Number of protein chains: 2
Amino acid sequence: MPKDTFYNLPEEKRQKIIDAAMLEFENNSFDSASINQIISSAQISKGSFYQYFDDKKDLYKHIIELMIQKKMTYITPAMQNPFAHGFFEVIRDMNQSGLEFAKNHPRFTKIGNLLLRNPSHPIYLEIISGGQEQAYKAYEMLLNRAIETGEVRSNIDVAFTAKMIFKLSSEFILEESDLTAENWTEGLAELLNKFMSLLENGIKAK
Amino acid sequence: MPKDTFYNLPEEKRQKIIDAAMLEFENNSFDSASINQIISSAQISKGSFYQYFDDKKDLYKHIIELMIQKKMTYITPAMQNPFAHGFFEVIRDMNQSGLEFAKNHPRFTKIGNLLLRNPSHPIYLEIISGGQEQAYKAYEMLLNRAIETGEVRSNIDVAFTAKMIFKLSSEFILEESDLTAENWTEGLAELLNKFMSLLENGIKAK
DNA sequence: AAGTCATATGACTAGCAAGTCATATGACTA
DNA sequence: TAGTCATATGACTTGCTAGTCATATGACTT
């Protein structure tokens, strides 16, 4: 975490540093991101940087933390209390909020994608850790419940299907998060419908 | 492409260099792979390296070329002449051969994944270029044909479905290519069945 | 034996990186 | 006014990188 000196900074200067860091991490992997570049862009000295953060990793984790905080605000009622809602409704909400986050925070999205696409990097293990596994488990619980309630046919392989839905959702959001601004809203709704239709045809109870 | 001097080398020495390069590119992105590391591992001098290859990119492209050659040997009759075979058979073959390649050539697979996961890198554009787009188009042609023949229901969005099948196949192979050796053959067959079942339920004509 | 030519070498250049540290500033305190 | 303390600075160290080049080797030719 950033040092006290960082939080003591005037809001404006702090934001300038965050902006500079995001600009660098948007366009570079963790390894190839340069602190020299960041401080030059934020117009602070090398020494100051190291009085705000322990090292590059410290700064990076802070940016990721900010992203997670932002993402939290996109949780819908159905996501917060999934068992009280229909399975397909929950899945739809998750994808919709994912798409909306990507739309509203393209810079965070880019940084997140760079992280997600480098699972072999040590920093991935440190940050994502068991998150992926937990997500699979969550999907499995939802699927099991949906089979109980009769929403989903019972002859699927739950673990496998959970993984596939997770993967497909991620790819779906990654791939389509570059829709142009003007047709965004309609494009989103339409895409989501196609996606859900594919999914529902695949596993919905007949 | 490598220089003549490289091809004049005794087979054994050439292989040692390829091995060293693969070891490095398996565990590092193109940028962070180190020529110093490669020459040290291959036990050749810096000067020699630059008499075999123009630069790091030259070597890297050669490795990718070797991988493509290997992959070519996995093409099945159904893949070579897809319109003479059933749609789901072709898709099944493509995934099966993808899985088999991953199993038999885990080192190439790892290198390929690192490349595929960095679409923002200049080298990606240079090597993959429009390959992805071509793949989408190929899937679209197959889907259109399958709709004509009545294998696939006609009320799907072809372009969207093509993308999703492509993405899902890639992820499926990536994710499952780490099955353990002993249960490989049965595991593969079972997985493929689950995958195809999900797909067929999703888009097969009723 | 003398000459030629492909191949091999590693010291060297130039550049960039992360992180350190002695020094400076300037506000607030006693 | 003198002292203290948080903050700011950039030259510097250390360590890495890709790529170059003068020099050396040794096989084969004339």
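Below, chain A is the first sequence line, B the second, and so on; all start at residue 1. What's counted below: heavy atoms across the whole structure, side chains too, no hydrogens, waters or symmetry copies. In this text the structure is predicted, and so the values were computed from the model without any measurement.
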Legend entry - Atom pair distance, as rounded to whole Å: OH in A/Tyr50 and C1' in D/dG10: 14 Å

Legend entry - Rounded distance (nearest 0.5 Å) linking atom NZ of B/Lys3 with atom CG of B/Asn8: 13.0 Å

Inset, instruction - Can you tell me the distance, in whole Å, between the CG atom of A/Leu59 and the P atom of C/dG19? - result: 11 Å

Inset, instruction - Take the protein atom CD1 of A/Ile35 and the nucleotide atom P of C/dC16, then report the distance between them rounded to whole Å. - result: 16 Å

Inset, instruction - State yes or no: are the ring centers of B/His62 and B/Tyr52 separated by less than 6.0 Å? - result: no

Inset, instruction - Take atom CD1 of B/Ile38 and atom P of D/dC16, then tell me their distance rounded to the nearest Å. - result: 17 Å

Inset, instruction - Indicate whether any N or O donor in one side chain lies under 3.5 Å from an N or O acceptor in the other, for A/Lys16 and A/Gln43. - result: yes

Inset, instruction - Output the distance between atom CD1 (B/Ile39) and atom CD (B/Glu24), rounded to the nearest 0.5 Å. - result: 11.0 Å

Legend entry - Other residues, nucleotides, ligands: >12 heavy atoms within 6.0 Å of A/Gln69 CD: yes

Inset, instruction - For the helix from C/dA1-D/dT30 to C/dA30-D/dT1, figure out the bend between the end axes, five pairs an end, and round to 10 degrees. - result: 30°

Inset, instruction - State whether a side-chain donor-acceptor pair under 3.5 Å links B/Arg92 with B/Asn193. - result: yes

Legend entry - Approximate separation, where rounding is to 0.5 Å, of A/Gln134 CD and A/Ile128 CD1: 11.5 Å

Write down the protein N/O and nucleotide N/O pairs, taken from nucleotides 7-9 of chain D, whose separation is under 3.5 Å; answer none if there are no such pairs.
from, atom 1, to, atom 2, distance (Å)
D/dT7, OP1, A/Asn8, ND2, 2.7
D/dA8, OP1, A/Lys13, NZ, 2.9
D/dA8, OP2, A/Tyr52, OH, 2.6
D/dA8, N7, A/Gln51, OE1, 2.9
D/dT9, OP2, A/Ser48, OG, 3.4

Inset, instruction - Check whether the side chains of A/Asn104 and A/Lys70 place a donor and an acceptor atom closer than 3.5 Å, and report yes or no. - result: no

Inset, instruction - Run the salt-bridge test on A/Arg107 and A/Asp19 with the 4.0 Å N-O cut-off and return the result as yes or no. - result: yes

Legend entry - Distance, rounded to the nearest Å, where B/Asn36 contributes CG and D/dC16 contributes P: 10 Å

Legend entry - Separation of atom CD1 in B/Ile39 from atom P in D/dC16, rounded to whole Å: 14 Å

Inset, instruction - For A/Asp54 and C/dA18, give me the distance from atom CG to atom C1', rounded to whole Å. - result: 14 Å

Legend entry - Whole angstrom value for the distance that separates C1' of C/dA6 from CZ of B/Phe6: 17 Å

